[in-house]
Enquirer: 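Input: one structure, supplied below.
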Amino acid sequence: MHVTGTVPPPAPAPQDTPEGAPDGTGRRTRRFGLPVATALVMGNIIGGGIFLLPASIAPYGTISLLAFGVLTVGAIALALVFGRLAERDPRTGGPYVYAREAFGDFAGFLAAWAYWITTWVSNAALAVAAVGYLDVLIPVGEHRWTACLAALVIQWLPALANYAGTRYVGAVQVVSTVLKLVPLLLVAVGGLFFFDAGNLGPFRAGGESAMGAVSAAAAILLFSYLGVESAAVSAGEVRDPRRTVGRATVIGTAGAAVVYLLGTLAVFGTVAHDRLVESGAPFSDAVNGMFGGTWGGWAVALAALVSMTGCLNGWTLLSAQTSYAAAKDGLFPAPLARKRRGVPTVGVGVTVLLASLLTVYNYASGTARVFETLVLVTTFTATVPYLLATAAQLYHLLSGQRDRVDRARLVRDLVVASVAAAFSLWLVAGAGYQAVYQGVLFLFGGVLVYAVMAARKQRTAARATTTGR
């Protein structure tokens with residue numbers, strides 16, 4: 001690997017290992033096809049943030065529903081870009097692999113660093129969202145520090161489950177996935193039968209322009225689309241990744257978009273706008289409005305709480321695995337490459353500690369809408385690996401490498417990549433000054449980490465050369 005800023009020559013894409021072939025460890029590999037890959041994308045996209053997002057975008061009015069359409073077009077453009085990149089380089093790693101192969105170690109590090117930040121900041125946002133539903137069951141939201149303490153407890157419980165090993169992580173994921181879909185489908189489908197147009201409120205509720213309102217709402221909604229890269233990140237485990245990754249990513253993204261749009265529309269139509277703006281548990285309020293009483297809201301709150309805890313469980317492991325992969329390549333500090341019972345234990349500890357510190361900071365700063373602030377930070381950091389992957393695609397298309405470009409699809413690929421790039425930049429603009437401010441601080445901190453790691457690697461290489469002589 002290069003540490004001096006030079007761009008390494010393109011690495012040949014590895015040949016697909018036939019399913020059932022030995023993986024080099026004596027075991028037989030088992031890869032998943034289109035249905036499982038699609039479920040992976042859709043399951044990772046539909047996380048816990050959707051349970052609070054209807055209330056988060058309600059202040060912009062029903063114009064925010066247009067943001068779903070714009071966001072879905074942009075997300076599908078990204079999905080198509082990931083699919084084309086996976087055709088060219090079907091290795092596990094997604095944006096990290098694409099950026100590093102096209103532009104060198106520093107770009108790869110930046111993609112991994114930004115994606116790692118996105119994962120643990122998402123954990124902080126999910127914990128804050130979970131507090132809103134916990135408050136339906138136990139009153140914890142009346143005092144700022146009580147809510148903060150509850151958010152910290154919700155973050156640390158999944159971390160402890162991770163320390164127990166991957167077996168327990170998988171069990172929690174299965175249960176939480178089932179419980180996640182029940183309230184979403186209940187509201188998304190059942191809510192349409194209780195829809196009241198009088199609850200929708202104004203088309204444009206805030207003082208922003210129409211474009212400003214759509215941009216701001218889309219920046220918040222991107223949080224609910226994180227995971228569009230899942231099949232690309234896992235390309236090495238997908239059967240026939242050159243064909244499957246792109247199709248699974250597009251189908252999974254479109255399916256998640258349908259669930260999101262129907263669920264949000266149903267909440268808008270069953271909860272009065274002025275109440276929805278202040279709601280900490282919009283899906284519980286929607287079920288209460290549909291069936292009357294509070295029992296339905298309690299049941300939804302419990303299911304949502306378990307679902308978001310499960311999301312925290314999975315994203316904690318994903319964050320630790322991201323830092324583990326970069327540490328194995330020498331781009332992150334070596335302790336992050338330690339594993340126990342299949343889990344990167346140091347990475348888990350660092351993830352939950354950083355997420356906890358960020359949670360305390362945002363509660364201490366007196367931010368009125370902590371969830372939205374954290375979500376917008378993840379919007380900014382997530383666009384970094386997305387933009388680098390899109391830039392890698394544009395680089396390949398425009399570099400004149402005939403063996404790496406399908407000439408028959410050149411114009412179409414250029415249009416799709418340009419839409420994805422413009423979409424990513426638009427989301428950065430919509431994230432707002434505070435989110436960009438915090439996000440840039442996180443990214444610049446990574447530049448210093450890279451400088452230390454690159455210097456250490458150069459010193460080790462020089463030592464090895466001297467010893468060899």
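Position 1 is the first residue of the sequence, and the numbers go up from there.
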Enquirer: Ignoring hydrogens, what is the shortest heavy-atom contact between Thr253 and Ala79? Give both atom names and the distance.
Expert: OG1-CB, 4.3 Å
Enquirer: Can you name the closest pair of heavy atoms from Ala320 and Val348 and give their distance?
Expert: CB-N, 3.6 Å
Enquirer: Has Ser64 got a side-chain atom pairing as donor or acceptor with Tyr60's backbone, closer than 3.5 angstrom?
Expert: no
Enquirer: So do Val360 and Cys148 actually touch side chain to side chain, heavy atoms under 4.5 Å?
Expert: yes
Enquirer: For Ser356 versus Val352, what's the shortest heavy-atom pair and its separation?
Expert: OG-O, 2.7 Å
Enquirer: Any chance you could measure Asp413, atom CG, to Ser418, atom OG, to the nearest 0.5 Å?
Expert: 10.5 Å
Enquirer: Could you check whether any side-chain heavy atom of His396 comes within less than 4.5 Å of a side-chain heavy atom of Glu101, counting everything from C-beta outward?
Expert: yes
Enquirer: For Phe442, does its backbone N or O pair with a side-chain atom of Trp113 as donor and acceptor, under 3.5 Å?
Expert: yes
Enquirer: For the residue pair Phe68 and Ile57, what are the closest heavy atoms and their distance?
Expert: CE1-CD1, 4.2 Å
Enquirer: Phe332 and Phe109: aromatic ring centres closer than 6.0 Å?
Expert: yes
Enquirer: Does the plane of the ring in Tyr450 sit parallel, tilted or perpendicular to the ring in Phe106? Use 30° and 60° as the thresholds.
Expert: perpendicular
Enquirer: So, taking the atom named CG in Leu354 and the one named CG in Asn123, what distance separates them when rounded to the nearest 0.5 Å?
Expert: 10.5 Å
Enquirer: How close do Ser215 and Trp426 get, counting heavy atoms only, and between which atoms?
Expert: OG-NE1, 2.5 Å
Enquirer: Between Thr351 and Thr316, does a side chain to side chain donor-acceptor pair (under 3.5 Å) hold up when you go through it step by step?
Expert: CA-CA 7 Å; Thr351 293; Thr316 297; over 6 Å; no
Enquirer: Side-chain contact test, heavy atoms from C-beta onward, threshold under 4.5 Å: evaluate it for Thr72 versus Tyr260 and give yes or no.
Expert: no
Enquirer: Any heavy-atom pair between the side chains of Asp105 and Lys457 that's under 4.5 Å?
Expert: yes
Enquirer: May I ask you to test the Val350-Trp116 pair for a side-chain heavy-atom distance under 4.5 Å?
Expert: yes
Enquirer: I need the Ile117 CD1 to Ser323 OG distance, nearest 0.5 Å.
Expert: 12.0 Å
Enquirer: Report the residue from Thr390, Val73, Thr383, Leu71 that forms a side chain to side chain contact (heavy atoms under 4.5 Å, CB included) with Phe423.
Expert: Leu71
Enquirer: List the steps, then state whether side chain to side chain contact (heavy atoms under 4.5 Å, CB included) holds for Thr118 with Val377.
Expert: CA-CA 8 Å; Thr118 300; Val377 172; over 6 Å; no
Enquirer: Determine, step by step, whether Tyr96 and Leu110 satisfy the side chain to side chain contact (heavy atoms under 4.5 Å, CB included) criterion, reporting the C-alpha distance in whole Å, the side-chain angles of both residues, the deciding distance to 0.1 Å, and the verdict.
Expert: CA-CA 8 Å; Tyr96 165 65; Leu110 201 58; over 6 Å; no
Enquirer: Could you walk me through whether Arg100 and Asp329 pass side chain to side chain contact (heavy atoms under 4.5 Å, CB included), step by step?
Expert: CA-CA 11 Å; Arg100 185 164 174 253; Asp329 285 342; 4.3 Å; yes
Enquirer: With rounding to the nearest 0.5 angstrom, report the CZ to CD distance, Phe380 to Gln438.
Expert: 11.0 Å
Enquirer: Nearest heavy-atom pair of Ala127 and Ala151: which atoms, and what distance?
Expert: CB-O, 3.5 Å
Enquirer: For the backbone of Tyr386 and the side chain of Ser424, can you confirm whether one donor and one acceptor N or O come within less than 3.5 Å of each other?
Expert: no
Enquirer: Step by step, would you call Leu357 with Tyr361 a side chain to side chain contact (heavy atoms under 4.5 Å, CB included)?
Expert: CA-CA 6 Å; Leu357 291 174; Tyr361 167 77; over 6 Å; no
Enquirer: Going from CZ on Arg84 to OH on Tyr98, what distance comes out if it is rounded to the nearest 0.5 angstrom?
Expert: 12.0 Å
Enquirer: Find the distance between OG1 (Thr249) and CD1 (Ile76) and round it off to the nearest 0.5 Å.
Expert: 11.0 Å
